Peer 1: 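Please read through the structure below; I'll follow up with questions.
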Number of protein chains: 2
Amino acid sequence: MNRMAAIACHGSGEMGTNDKPHLCPRQSTGAGGFDKIEMDRVADYVSNVGEPATKGRLMDIFTTMQDERGRLSQSEIRIADIVLNDFEFAVNASIIELAGKADVSPPTVTRFCRRLGCESFSDFKVQLARTAYVGMRYLKPEPKSIAPADVAQDIITKAQNALFLLHRGLDVAAIERAANRLAGAEMIYAFGSGGNSSMIATELQNRLFRLGLRITASSDHSMQLMMAAAAKPTDVLIGSSFSGRNAELVRAFTLAREAKIPTIALTQSNSPVAQAAEITLPVDLPEGDNIYRPTSTRIAYLAVVDILASLVAYRIQPQATVTLRRIKQQLVAHRDGDDRQLLGD
Amino acid sequence: MNRMAAIACHGSGEMGTNDKPHLCPRQSTGAGGFDKIEMDRVADYVSNVGEPATKGRLMDIFTTMQDERGRLSQSEIRIADIVLNDFEFAVNASIIELAGKADVSPPTVTRFCRRLGCESFSDFKVQLARTAYVGMRYLKPEPKSIAPADVAQDIITKAQNALFLLHRGLDVAAIERAANRLAGAEMIYAFGSGGNSSMIATELQNRLFRLGLRITASSDHSMQLMMAAAAKPTDVLIGSSFSGRNAELVRAFTLAREAKIPTIALTQSNSPVAQAAEITLPVDLPEGDNIYRPTSTRIAYLAVVDILASLVAYRIQPQATVTLRRIKQQLVAHRDGDDRQLLGD
DNA sequence: GGTTCATGCAAATTATTTTCTTGATACGTT
DNA sequence: AACGTATCAAGAAAATAATTTGCATGAACC
């Protein structure tokens, strides 16, 4: 049997998602005939066994289930609901137990799994278990109790979940473009205001100056405007706004774009800030996470900064990286300081 | 049925880990007879099926496998190695395929699974898949390639993994004590130097001042010493050091302790800083994570701060919390500002 | 030389999938 | 409107495959 994608819901790399329109809700435009075509696809899939399915898989089982819901039959909806509600049961149950609980026959369960894009029932369970670790928790806005262990678990889970969602919604191409811009900039201005975004701006500075880039961070609206006005087209302006509604940042972006200065935004997609910037690195997390736990959102933003900084590093020193790491390792091993400065990372 | 703990590896809540000493390596002191006892335990487990497994399980399958390695037979080690190395294969393979690859018979695989505390082979696979999402990546220090998608995945995975490991090593009792101290402090001094730890100090200030606590953060060694000298026994000193070897911070802690001022350290356990502080909140991540990716470590520290701040919040306003959240929600809904200030969180 | 233990074989059990069939629903035709 | 046809869901039963158990063997270690 072949190896499958890290992100749940497998599929063959060759086929691409287009071959399974009804399985990939974002692309499906209408209901089509299932059975025979389905079988062919399964056959296709099976014949593609050698192919690693590492790429192209964006959906996890849960999302697929929710998105497919409308297209499932009554029995299948019952199965989906049981799985969704009592995930722990589903992951440990046999097909017979699950079928029993859903009041359907085992074959119906098998068909259900297939419809969701899984090869078999056990494949389904694996996908489920895999996503489950992080995928399904955001349903509960509150921790189970305020006992320390529960609070800790709640926070950790939400943070992991934020990362999971970030990854899923990540616009890799945009990040790549942003990294290219940054790597080629003569000077970088990093803007962000308020505890959250200013931390991101600082972090950007922290990460990028170590790569030898010229960068300054500012959380002061007036300074931001002045800097935007003073910047040149060979510079880059990068700004962060969690809400996407930082009017001052929008102004700075607008000003910069009028002067043909590249602008990059870390923010919610379709927000004013996003629209004002040339390149947007979208970070879209469900509201709940934002409101109650600023940290999980912040962690997602930090991860974006990290990705960005790593890509810039690779762009600046494409070959030297491995050597650089060795040097760093030595450096770190012989230092006792608290701040482990990283040269090329 | 009910939902279960985030941390992988199931087990019944009732039993507690003590009933399976050989499955929880930290407690196992020597090799013992396996088979019969094992069977009893499995039986126990099975009879406890209705029980939620929310607590008591600290180990994930991978750690168990690594820790048990010494006590496995030749064939079993072969199986373990295959699983450890080619986890993707293992998670998708049938028992026959796995047995084939390890050159053993299927029954041996079943026995192997049981020894690891799983009920059956498929239970093992579920545990595997479950932990896999986060648990197994730190073996690869480098991303698969420097293609943006791989870099992103690598970073996200490492961040999730850092959170996973943090959670596993978390000293909940210590955090609780720290939260109590902070909640009752007349004044709090938050210390940390270098890009990483100073961010944590700032973050602590950010989170705690909103709860109405008096707090100041400093990254200046001289100031830290002076503040430590000026503090009173009703105050609290909290400091962060990623390496645990920030000598200045050790000095500040020592000074404070001589004056009977409570001290809290966020740092590596058993480090000089940890030893100098009264309460240590240990953050122990494998070296690899620290050296190459500062962010994943930072994210773990941020999570600790988050947990701490939440616990303090609950301590300060035990009943008012729910109401407070409602107010917040209103506030947030009607604000357009970027910095979503949280009152009671 | 006996005990313990790992391990494979084969049988038994169990789980899963396939095939076949039925019944329901929707659609088009007369 | 009534009928026939196509489509599809879904279960029963059969077939297949996977997993586990019981037992026997042989190696290693007292």
Side-chain angles (χ1 to χ4, degrees), chain A residues 1 22 30-43 45-46 68-80 82 89-116 118-128, chain B residues 22 31-40 42-43 45-46 68-80 82 89-128:
Chain A
M1 209 192 250
H22 63 294
F34 282 128
D35 274 349
K36 285 162 206 153
I37 305 163
E38 179 67 83
M39 284 305 139
D40 289 344
R41 277 167 189 154
V42 169
Y45 170 73
V46 171
E68 284 289 296
R69 205 172 190 281
R71 251 158 282 138
L72 299 176
S73 71
Q74 282 313 107
S75 318
E76 285 173 332
I77 287 177
R78 274 210 302 287
I79 301 171
I82 284 171
F89 166 79
V91 114
N92 288 106
S94 75
I95 197 171
I96 295 167
E97 290 169 315
L98 180 55
K101 190 152 180 176
D103 254 319
V104 298
S105 63
T108 303
V109 175
T110 297
R111 287 187 276 255
F112 167 78
C113 299
R114 295 253 227 268
R115 172 155 306 187
L116 258 37
C118 297
E119 207 191 326
S120 66
F121 175 67
S122 63
D123 184 25
F124 172 75
K125 282 217 297 191
V126 166
Q127 305 295 351
L128 208 55
Chain B
H22 64 293
F34 280 128
D35 277 347
K36 286 162 206 153
I37 305 164
E38 179 68 84
M39 284 305 140
D40 289 348
V42 169
Y45 168 74
V46 170
E68 285 288 298
R69 205 172 188 279
R71 253 158 280 140
L72 299 176
S73 72
Q74 281 313 106
S75 318
E76 286 172 332
I77 287 177
R78 273 209 305 286
I79 300 171
I82 284 172
F89 166 79
V91 112
N92 288 103
S94 74
I95 197 171
I96 296 168
E97 289 167 317
L98 180 56
K101 191 154 181 175
D103 254 318
V104 298
S105 63
T108 305
V109 176
T110 296
R111 288 187 275 255
F112 167 79
C113 298
R114 296 255 226 267
R115 172 154 304 185
L116 258 36
C118 296
E119 207 191 326
S120 66
F121 174 69
S122 62
D123 185 24
F124 171 75
K125 282 216 299 189
V126 166
Q127 304 296 349
L128 209 55

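Note on naming: letters A, B, ... go to the chains in the order of the sequence lines (proteins, then strands), and numbering restarts at 1 for each one. Remember, it's a predicted structure, so these values are computed and weren't measured experimentally.
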Peer 1: Among C:dT17, C:dT16, C:dG8, find the nucleotide with the atom closest to the side chain of A:Arg114.
Peer 2: C:dT17
Peer 1: Rounded to the nearest angstrom, tell me the gap between atom CD in B:Glu76 and atom P in C:dG8.
Peer 2: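 In whole Å, C:dG8 P lies 11 Å from B:Glu76 CD.
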Peer 1: In whole angstroms, how far is the P atom of C:dT21 from the CZ atom of A:Arg111?
Peer 2: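 Computing the A:Arg111:CZ to C:dT21:P distance gives 15 Å.
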Peer 1: Look at the side-chain N and O atoms of A:Ser75 and state whether any lies under 4.0 Å from the OP1 or OP2 oxygen of D:dA9.
Peer 2: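 Checking D:dA9 against A:Ser75, no side-chain N or O comes under 4.0 Å of OP1 or OP2.
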Peer 1: Starting from P on C:dT7, measure out to CZ on B:Phe112 and report it in whole angstrom.
Peer 2: 12 Å
Peer 1: Nearest whole Å is fine: how far is C:dT16 P from A:Phe124 CZ?
Peer 2: 12 Å
Peer 1: Distance check: side-chain N/O of A:Thr110 vs OP1/OP2 of C:dT17, anything under 4.0 Å?
Peer 2: yes
Peer 1: Round to a whole Å and report the spacing from CZ of A:Arg115 to C1' of D:dA9.
Peer 2: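 Computing the A:Arg115:CZ to D:dA9:C1' distance gives 9 Å.
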Peer 1: Rounded to whole angstrom units, what separation is found between the CD1 atom of A:Ile96 and the P atom of D:dA18?
Peer 2: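 Rounded to whole Å, this separation is 16 Å.
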Peer 1: Taking side chain as C-beta onward, heavy atoms only, is B:Val109 less than 4.5 Å from B:Cys113?
Peer 2: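 Heavy-atom side-chain distance check passes, below 4.5 Å.
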Peer 1: Hey, is the side chain of B:Ser73 poking within less than 4.0 Å of OP1 or OP2 on C:dT7, counting only N and O atoms?
Peer 2: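 Affirmative; the distance criterion is met.
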Peer 1: Looking for any heavy atom pair under 4.0 Å, which part of the strands does A:Val109 touch: base, sugar-phosphate only, or nothing?
Peer 2: nothing
Peer 1: For A:Ile95 and C:dT16, give me the distance from atom CD1 to atom C1', rounded to whole Å.
Peer 2: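 Taking CD1 of A:Ile95 and C1' of C:dT16, I get 6 Å after rounding.
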Peer 1: Please tell me if the side chains of B:Phe121 and B:Leu98 come closer than 4.5 Å, counting only heavy atoms from C-beta onward.
Peer 2: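 Yes, side chains in contact.
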Peer 1: Once you apply a heavy-atom cut-off of 4.0 Å, does A:Ser122 come out as touching a base, just sugar-phosphate, or nothing?
Peer 2: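 Nothing: the residue A:Ser122, judged by heavy atoms under 4.0 Å, touches no strand.
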Peer 1: Under 4.0 Å between a side-chain N or O of A:Thr108 and OP1 or OP2 of D:dG11?
Peer 2: yes
